[in-house]
There are 2 protein chains.
Amino acid sequence: MGGLSIGQVAERTGLSVHALRFYEREGLLADAVRRESNGRRVYTEDDVDWLNMCIKFRSSGMPLDTIRKYTELVRQGAGNEADRLALLKSHQDYVRAQIEELNECLNVITWKVDFYQEHVDAGTADCLWATPSTQTASEAS
Amino acid sequence: MGGLSIGQVAERTGLSVHALRFYEREGLLADAVRRESNGRRVYTEDDVDWLNMCIKFRSSGMPLDTIRKYTELVRQGAGNEADRLALLKSHQDYVRAQIEELNECLNVITWKVDFYQEHVDAGTADCLWATPSTQTASEAS
DNA sequence: CTAGGTCCTAGAGCGCTCTCTAGGTCAACT
DNA sequence: AGTTGACCTAGAGAGCGCTCTAGGACCTAG
């Protein structure tokens, strides 16, 4: 393993090469990416690991800004572990809240799905309700 | 209960008056909002219920476009229940997938939180690791 | 009569996260 | 020599979901 090209990293992480360059510009990479003599980026496996963590952060709704802050803390080196912990904990809370909220939404949606499922199963699939007003009333509830 | 003003609806739903007008323009309301003689909107409790559902849809990641499609189906009246069901089911799947993804993220984050917690608890909070390289290695994993 | 508050429309602007373009370098194949 | 394909930079553009502004109407209390 003698370093990866941007294309290879894109393939492994699922990020586009554009996104990889963008993330770098935005300061989301813990280590400066090395370059070949011709200016091309050379990534290490550590870079890929770091990116995969960024992806987890992102897909759990952490803004790039916060990822950047975390990255800066790590770049500063030892001594700020409490700060990193605080940042991570706060995000942990946020993710938990998101999950809770999604579960509530899921309940509502499931209730509606079941409602429609029953009626679609029962009838032969159309004209189940007589009047538009009945319709709206059951919809809105 | 003789109808609600946009301000009252904003208060109850948590949406801004701007957002309420925006949603209406975007065709997210099942019934056309009535107007007073002077042109001001008059909402019913049903409108509020509908909006609350839209909010559930939105906060579980349904795009406005899809909410609009659903709204159109409901506006068309009885006969397309299977379509509505399909739309709702597909969103249900999406929400479940989101929850699953968030749980995965939460695991990773919790792992990191625990890692830092231990070390912050153990040391007196700084200089826990000797070298920046050790640092980065444990970070990247 | 005036000031304050709520409402109206139409449309511009914003924050975020990419995504894509233009214009170019470089190395390898045919 | 020419073509292909991966890469480079800087910066414009796009999609989404609001949010806000401008300019104005109307109502009520002081």
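Every chain is numbered from 1, with letters handed out A, B, ... down the list of sequences.
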Length of the line joining Asp65(B):CG and dG17(D):P, which is rounded to integer Å: 8 Å
Only one of Leu106(A), Ile109(A), Val113(A) forms a side-chain contact (heavy atoms from CB on, under 4.5 Å) with His91(B), so which one is it? Ile109(A)
If the sugar-phosphate is the primed atoms plus P, OP1 and OP2 and the base is the rest, what is the B/S/- string for nucleotides 3-16 of chain D, using protein heavy atoms under 4.0 Å? ---BSSBBB-----
How would you list, by chain and number, every residue that makes a salt bridge (Lys or Arg N to Asp or Glu O under 4.0 Å) with Glu104(A), sequence neighbours excluded? Lys56(B)
Could you tell me the separation between the CG atom of Leu20(B) and the P atom of dG17(D), rounded to a whole number of Å? 16 Å
One would report the end-axis bend of the helix from dC1(C)-dG30(D) to dT30(C)-dA1(D), five pairs per end and rounded to 10 degrees, as 20°
Interatomic distance, Leu15(A) CG vs dT19(C) P [rounded to whole Å]: 9 Å
Please give, in whole Å, the distance from dC16(C) C1' to Phe57(A) CZ? 19 Å
Gln76(B), CD: over 12 other non-hydrogen atoms inside 6.0 angstrom: yes
Between Asp93(A) and Lys89(A), does any NZ, NE, NH1 or NH2 come within less than 4.0 Å of an OD or OE carboxylate oxygen? no
Under 4.0 Å between a side-chain nitrogen and a carboxylate oxygen: does that hold for Glu72(B) and Arg84(B)? no
Is Arg34(B) salt-bridged to Glu24(B), going by a charged N under 4.0 Å from an acidic O? no
